[in-house]
**Q** 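Quick one: the structure is below, questions incoming.
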Amino acid sequence: MSIPIRWTPTHGDPYRPVPYRPERMAVEESLARAAELRERMSRRRTVRQFAPDPVPEQVVRDAIACAATAPSGAHQQPWTFVLVKDAEVRRRIRAAAEEEERVSYGGRLGEEWLAALRPLGTDEVKPHLTDAPALIVVFQQRYWLGKGGDRRKHYYVDESVGIAVGMLLSALHLSGLAALVHTPSPMRFLSEVLGRPVNEKAFAVIPVGYPAADCRVPDLVRKSLDQVLVEV
Ligand code: IYR
């Protein structure tokens with residue numbers, strides 16, 4: 001018997017649903033998994049000091065594949081993940097990012113913003129961009145760009161890419177890797193350095209690796225569940 005050919009529904013295709021019957025998880029197992037996941041996720045920290053040790057590349061690719069399962073507006077999947085391993089490209093990204101950050105920390109951010117950042121200890125020096133063995137540069141596809149130059153609107157791009165990045169961070173953490181969401185501003189240089197098309201806009205640079213042996217993080221406390229959850 002031949003296997004039916006599946007294709008990605010494209011713009012304007014009719015609704016052709018297929019059955020979805022995942023096996024229901026036993027409540028006991030659900031509770032145990034949720035509690036374990038909560039505990040493991042609570043141990044995730046944003047890392048700014050990375051060991052130069054290489055990471056298993058397939059772990060990073062699998063995490064990106066997890067991120068790409070994210071829901072998206074009209075299922076348009078408006079994301080591109082550029083995995084930068086090349087040391088020279090990372091050096092160029094660092095140099096350009098630090099040039100922008102010098103202006104930002106030198107006053108562009110404004111006193112209120114700088115005061116908000118002070119407890120985090122960030123500054124314009126970005127060694128993580130070259131110390132981490134890999135960078136995932138996430139681009140949003142602001143619109144669809146056809147081969148002939150025709151464009152189609154993408155919907156809820158910020159939300160879609162934000163969800164995907166959240167899933168990426170979870171996947172990396174649960175696979176044993178540390179990461180940082182770095183948002184140099186403005187980020188236009190990333191399109192130039194990485195040669196991305198005009199419909200793509202950089203969203204974040206995510207260095208990935210293992211924490212340095214002497215890694216330190218700010219002494220942050222997260223809001224408790226009752227501070228963030230309202231039940232009605
Ligand atoms: N983009 C700058 C500044 C910065 C802004 C926020 I909001 C942060 O949470 C952290 C840093 C930088 O990357 O240093």
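Atoms within a ligand are numbered from 1 in the order they appear, just like the ligands themselves. What you are looking at is a predicted structure, and each value in this text was computed from that prediction instead of being measured.
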**Q** Measure Glu124 to ligand 1 on non-hydrogen atoms and call it side chain, backbone, both or neither using the 4.0 Å cut-off.
**A**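 Neither; no heavy atom under 4.0 Å.
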**Q** Do the side-chain N and O atoms of Thr80 and Gln141 include a donor-acceptor pair separated by under 3.5 angstrom?
**A** yes
**Q** Per the side chain to side chain contact (heavy atoms under 4.5 Å, CB included) rule, which among Thr183, Leu169, Val137 passes with Ile206?
**A**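 By the side chain to side chain contact (heavy atoms under 4.5 Å, CB included) criterion, Ile206 pairs with just one of Thr183, Leu169, Val137: Leu169.
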**Q** According to a 4.5 Å side-chain heavy-atom criterion applied to Ile, Leu, Val, Met, Phe, Trp and Tyr, with indirect links allowed, do Val181 and Leu177 form part of one hydrophobic cluster?
**A** yes
**Q** Would a hydrophobic clustering, with Ile, Leu, Val, Met, Phe, Trp and Tyr connected at side-chain separations under 4.5 Å, put Leu194 with Leu83?
**A** no
**Q** Between ligand 1 and Ser185, is the shortest N or O to N or O distance under 3.5 Å?
**A**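 There is no such contact.
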**Q** Tell me: protein heavy atom nearest atom 3 (C) of ligand 1, and distance?
**A** Tyr105 OH, 3.3 Å
**Q** Any atoms of ligand 1 less than 4.0 Å from a non-hydrogen atom of Lys126? List them with their elements.
**A** 12 (C), 13 (O), 14 (O)
**Q** Identify the closest protein heavy atom to atom 1 (N) of ligand 1: which residue and atom is it, and at what distance?
**A**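 Minimum-distance protein heavy atom for atom 1 (N) of ligand 1 reads Thr183 O, 2.9 Å.
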**Q** Considering heavy atoms of the protein only, find what lies nearest to atom 7 (I) of ligand 1 and give residue, atom and distance to 0.1 Å.
**A**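 Residue, atom and distance for the closest contact: Trp113 NE1, 3.6 Å.
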**Q** For the side chain of Lys126 and the backbone of Asp123, is there at least one donor-acceptor N/O pair under 3.5 Å apart?
**A**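 Between the backbone of Asp123 and the side chain of Lys126 there is a qualifying donor-acceptor contact (under 3.5 Å).
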**Q** Polar contacts were defined as any N/O atom of the residue lying under 3.5 Å from an N/O atom of the ligand; does this apply to Glu101 and ligand 1?
**A**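 For ligand 1, there is an N or O atom that lies under 3.5 Å from one belonging to Glu101.
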**Q** Do Asp150 and Trp144 touch side chain to side chain, with heavy atoms closer than 4.5 Å?
**A**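 Sidechains of Trp144 and Asp150: in contact.
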**Q** Nearest to atom 4 (C) of ligand 1, what protein heavy atom do you find, and at what distance?
**A**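 Minimum-distance protein heavy atom for atom 4 (C) of ligand 1 reads Leu117 CD1, 3.7 Å.
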